[in-house]
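A quick write-up on the structure given underneath.
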Amino acid sequence: MEKKYNHELCEEKNYKLWEDSGYFNPDNLPEGESYTVVLPPPNVTGKLHMGHAAMLAYQDALVRFNRMRGKKTLWLPGTDHAAIATANKTEKIIYEKEGKTRHDLGRDLFLERVHQFAKDNHDTIINQVKKMGASLDWSREAFTLDEERSLAVRTAFKRMYDDGLIYQGARIVNWDPFMQTTVSDDEIEYKEEKTSFYYLQFGPFVIATSRPETKLGDKYVVMHPDDRRYKKYEHGQKITVEWINGEVIATVIKDDVIDPEFGTGVMTITPWHDNTDFEIAERHNLEKEQIIGFDGKMLPIAKEFEGLKIKKARALVVEKLREKGLVVKVEENYTHRVALNSRGGGVIEPQIKKQWFVDVNKKFNLSFSKIKGFKTGDEVSLKELMQKVVETGEVKIFPDRFNKIYYQWIDNLHNWCISRQIWYGHQIPVWYKEGETYCDINPPQEEGWEQDPDTLDTWFSSGLWTFSTLGWPKETEDLKKYHPTDVLETGYDILFFWVARMILMTTYNLGEIPFKNVYLHGMVRDGKGKKMSKSLGNTIDPLDMVDEYGADATRLSLVIGSAPGNDIKLSEDKIRGYRNFANKIWNISRFIMMRTEDYDNSVTEKDWSDEDKAIYSEFVEAAKETTKNLEEFKFSLSAETIYHYIWHTFADKVLEDSKSVLDDESRKKTRQDLLRRILLESLKVMHPFMPYVTEEIYQRFPFSDKKETLMIEEWPVL
RNA sequence: GGGCGGUUAGCUCAGUUGGCUAGAGCGCAUCGCUUACAUCGAUGAGGUCAUAGGUUCGAGUCCUAUACCGCCCACCA
């Protein structure tokens, strides 16, 4: 054995050994209780980042641990087509290189390009996942947009459509005029901006707005019913008002969403372009008019302002209001929040549009239920299902403070807008012909039907992930054996996007929970606590770290010193520290190998001296604690315990003391047996955290009765 | 406006149902190239565990306030 552990020579080789052994695939493991984890599928938009590395480190630890404990363990890999993100990136690249937009290429040609881009990224990502040492069953790999998943998506859509849970409706959506698509509430980012705040004379009222250009069509003036100042105006009263483009007849509306303290306590509404206004209009059955087109330009209703872009129109509208003497005052430097598309698009312009929705409040009959608290046939809503499975503890969330956050989110949950005006993704399985609508898993046979051009929100397909990957809607053996899954391990940032949607989809479609436990890890930040981002230039590339210090060190640095749900701060120093630990284990093994060359394998535990036994029991204590902590998802404590034992007890004390013992012929033999024993078992216990170095030593060390790989050795303690 | 975290060694963080003489990594100081390892070893400096009260035999850990950081959610025109 070399003086230093060289990860470069060991990692690829051992991954191949594991893969070739076939034991990533549970079909090749002995029968037993199943243990399932599905990998949160990385997006095919780029390469692996530290967040992925963290997720792989945690999950691989769980999976290897349970495999060694004799569970029939399945860790199922895959990737996510990440509709909007992937389409955007591709379009951006095409635009930069060729100056063409997706409209220049057309749907088919553009999709071809996206598929190629997705495929290239997929290959990169998969290779990187392997480099981390992840013991995933590649024979079951899935993609959220492949044939089987597509069938699952269409099946789920059809069922929900038939149950009346999916409907088409006109609603205010977050429209991105730049990317020509809708954006979900969760994908919006707000940015504070200084702007002018205008007080305008609207008949007898003064109204305040930061967006005068939307006010062109306003003909409803709204105030709080209890506001004394406006007592003399009746609900429904008509008032003639001189406005931007001449006289309008305005109607007084009283509604208690109005805050009398804000501005003047009166506002006019623009139902087509504002969510609050839309809701007021819905409540009072008011007319809604579109002012701004989907291209972000003023419509004919704006008369002289027609065709102007929003910013330009605003300036001109204000100018005209000034000329007419309708501007009462202007507050400069008014702070308000601008909604932006977080997927790299433009400023959001609310619009009314026909969209597909999942109704989360509508009651339906559960066609089948194994869910605690609900029987087959019970009448429930999706919202109730989502709530109940966490309330009853059937799905447990770690750390549990996220329960509260989850409930709060459910309470605020609106119907889920699932249609997207992009081309890449699962096209909605609905066809139209002469005013007729047809929804099915497969297209209609006859000629002349045209499919809805929209695609589904990417979370619709990833919501099915725990069971679509196991072959659903077919009734497969895998589905029976491996579902519900045991643990869903992911970052807390996608608790709502994804975890909640999986609960929705699984309880609805299967009548059971998707997973028993949800473990949420934090975001990986840099050494100073800043979010790692390309623009800040503070990213640490996991692959660079793997090359430099090894996958084991990189993994351990992400596991130790981080608490569930708390952000992980990572620095290169920390990784280097754990690289040194890998080397320490290496040298411990070297020492034992050199000093036990004349090992007598007839010696057993029975022959041990009391001192030997005492030393061993100290190991057992540490191993037990490691085990217990890992069972309870206390990754950091678990790894730290065995780390500390190996370095500061086994190496610093036991080996140091053993030097003299090994020189003493009378005590040597049993001590040799003891050291070999503790070494082997330490390797096992360390293996879930540092698979490569432990495997490499295992392969080289002349242990008796070795198996093909350490990966399937038996866990040493209960 | 609601909610959730954090505040522990110079830095970044752990701390399991309250028992801690408060730990880890990195950094720092002194010594040591001793045939497992200098990616090391030995020794050491460094903390009124944010602040103020309280519960308790005992509190970093539980309770109540306060301060400052951070995050999430929400329709303030």
Side-chain angles (χ1 to χ4, degrees), chain A residues 1-7 172 185-186 190 197-199 207-211 214-215 218 222-223 257-270 274-280 334 336-337 350 399 401-409 411-414 492-493 495-496 522-523 525-531 549-550 553 556-557 559-563 565-595 625 628-629 632-641 643-644 647-648 651-652 655-656 658-659:
Chain A
M1 271 172 101
E2 305 79 3
K3 249 180 142 174
K4 285 197 169 92
Y5 169 60
N6 186 342
H7 63 269
I172 287 265
D185 289 348
D186 303 318
Y190 291 94
F197 195 56
Y198 303 92
Y199 287 78
I207 58 158
T209 182
S210 56
R211 301 206 47 196
T214 64
K215 298 281 149 196
D218 284 8
V222 193
M223 62 211 69
V257 293
I258 303 297
D259 177 2
E261 305 292 315
F262 186 85
T264 55
V266 187
M267 69 174 191
T268 61
I269 56 165
T270 314
D274 184 278
N275 198 38
T276 311
D277 296 4
F278 177 84
E279 280 167 18
I280 294 172
Y334 174 75
H336 82 145
R337 296 195 312 169
R401 67 184 143 91
F402 282 96
N403 281 318
K404 206 167 175 179
I405 297 171
Y406 178 83
Y407 295 137
Q408 191 191 324
W409 181 79
D411 288 342
N412 291 322
L413 185 63
H414 297 297
Y492 65 74
D493 56 329
L495 177 64
F496 309 136
M523 304 295 101
R525 290 166 191 278
D526 72 4
K528 295 191 180 89
K530 288 225 174 71
K531 204 168 180 174
Y549 304 108
L556 203 59
S557 71
V559 169
I560 293 186
S562 69
N566 283 7
D567 291 347
I568 305 158
K569 286 179 193 127
L570 186 65
S571 63
E572 201 171 327
D573 280 346
K574 191 172 175 188
I575 302 171
R576 191 183 304 119
Y578 291 115
R579 185 271 317 260
N580 295 352
F581 176 59
N583 192 55
K584 189 75 190 181
I585 306 179
W586 183 259
N587 275 293
I588 288 168
S589 314
R590 250 183 92 210
F591 173 81
I592 296 174
M593 199 190 282
M594 290 160 85
R595 302 297 293 264
E625 213 181 314
K628 184 171 155 275
N629 284 324
E632 295 170 359
F633 304 114
K634 289 168 186 160
F635 294 96
S636 178
L637 283 171
S638 178
E640 203 184 329
T641 304
Y643 166 95
H644 201 267
W647 198 321
H648 299 296
D652 290 352
L655 292 196
E656 286 307 321
S658 295
K659 283 175 181 172

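Everything numeric in this text was worked out from a predicted model, so none of it was measured. Here is how names work: the chains are called A, B, and so on, in the same order as the sequence lines, proteins then strands, and each is numbered from 1.
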What nucleic acid atoms does A/Gly265 come within less than 4.0 Å of, heavy atoms only: base, sugar-phosphate, or nothing?
-> base

Answer for the Watson-Crick or wobble partner of B/U12, both distances under 3.5 Å, is B/A24

When rounded to whole Å, the CG to P distance for the pair A/Asp493 and B/C73 reads 11 Å

Requested in this report: Take atom P in B/A38 and the same atom in B/U51, then report the distance between them in whole Å.
Outcome: 44 Å

Give a yes/no on whether any side-chain N or O of A/His648 is located under 4.0 angstrom from OP1 or OP2 of B/G25.
-> yes

Checking N1-N3 plus N6-O4 or O6-N4 for Watson-Crick, or N1-O2 and O6-N3 for wobble, each under 3.5 Å, the partner of B/G46 is none

- Report yes if the side chains of A/Met267 and A/Asp277 come closer than 4.5 Å at any heavy-atom pair, otherwise no. yes

Here the distance between atom P of B/C4 and atom OH of A/Tyr407, to the nearest Å, is 14 Å

Regarding the side chain of A/Leu637, the nearest nucleotide among B/G3, B/C37, B/G15 is B/G15

To the nearest 0.5 Å, atom CD1 of A/Ile568 lies from atom CD1 of A/Ile560 at 12.5 Å

inquiry  = Categorize A/Tyr549 for me: base, sugar-phosphate, or nothing, with a 4.0 angstrom heavy-atom threshold over every strand shown.
reply    = nothing

Comparing A/Glu279 with A/Lys634, nearest RNA chain B nucleotide closer to 5' gives the residue A/Lys634

5' to 3', nucleotides 30-36 of chain B under a 4.0 Å protein heavy-atom cut-off (B base, S sugar-phosphate only, - none) gives ------B

Could you check whether A/Asn629 and A/Ser638, counting side-chain N and O atoms only, form a donor-acceptor pair closer than 3.5 Å? no

To the nearest angstrom, the CG-P distance between A/Asn583 and B/G41 comes to 10 Å

B/G70 and B/U8, which share atom name P, separated by this distance in whole Å | 15 Å

Taken to the nearest whole Å, CD/A/Glu2 to C1'/B/A38 is 18 Å

If you measure from the C1' atom in B/C72 to the same atom in B/A65, how many Å do you get, rounded?
24 Å

Closest to the side chain of A/Ile258, out of B/A77, B/C37, B/C75, is B/A77

- Answer yes or no: is there a donor N or O on one side and an acceptor on the other, between the side chain of A/Ser636 and the main chain of A/Gly561, under 3.5 Å? yes

Quiz prompt | Separation of the P atoms in B/C20 and B/C76, to the nearest angstrom | solution = 50 Å

Winner on side-chain proximity to A/Asn412, out of B/A74, B/A14, B/G41, is B/A74

For B/G2, the nucleotide meeting Watson-Crick or G-U wobble distances (both under 3.5 Å) is B/C72

A/Arg579 CZ to B/C26 P, in whole Å, measures 10 Å

- Side-chain ion pair, A/Glu632 and A/Lys634, N-O less than 4.0 Å: yes

Using Watson-Crick geometry (N1-N3 plus N6-O4 or O6-N4) or G-U wobble (N1-O2, O6-N3), each under 3.5 Å, B/C37 is paired with none

Nearest heavy-atom contact between A/Glu2 and A/Arg590 is O-CD, 3.1 Å

message: Does a side-chain N or O of A/Tyr643 approach OP1 or OP2 of B/G25 to a distance below 4.0 Å, or not?
response: yes

Partner of B/A65 under the Watson-Crick or G-U wobble criteria, both distances under 3.5 Å, comes out as B/U51

For B/G18, the nucleotide meeting Watson-Crick or G-U wobble distances (both under 3.5 Å) is none

(request) Pick base, sugar-phosphate or nothing for A/Arg401, based on heavy-atom distances below 4.0 Å to the nucleic acid. (result) sugar-phosphate

(message) Distance check, C1' atoms only: B/G18 and B/U35, in whole angstrom units.
(response) 50 Å

From CG of A/Asn629 across to C1' of B/G23 the rounded distance in Å is 15 Å

(Q) Please tell me if A/Lys574 has a side-chain N or O lying less than 4.0 Å from either OP1 or OP2 of B/U12. (A) no

When rounded to whole Å, the CD1 to C1' distance for the pair A/Ile568 and B/U12 reads 13 Å

Using a heavy-atom cut-off of 4.0 Å across all strands, would you classify A/Glu640 as base, sugar-phosphate, or nothing? sugar-phosphate

Give a yes/no answer on whether the side chain of A/Asn566 brings an N or O atom under 4.0 Å of OP1 or OP2 in B/G5.
no

Quiz prompt | B/G41 versus B/A24 - spacing of their P atoms, nearest Å | solution = 13 Å

query = Would you say A/Asp274's side chain and A/Thr270's backbone share a donor-acceptor pair under 3.5 angstrom?
reply = no

Taken to the nearest whole Å, CD/A/Glu572 to P/B/U39 is 16 Å

task = Check for a donor-acceptor pair, side chain of A/Asn583 on one end and backbone N or O of A/Lys4 on the other, with a separation under 3.5 Å.
result = no

Centroid-to-centroid, A/Tyr578 to A/Tyr643, below 6.0 Å? yes

Distance between the C1' atoms of B/U7 and B/G47, in whole angstroms? 14 Å

Whole-Å C1' distance, B/A9 and B/C49
10 Å

Can you see whether A/Asp567 engages A/Tyr492 through a side-chain donor-acceptor pair at a distance of less than 3.5 angstrom? yes

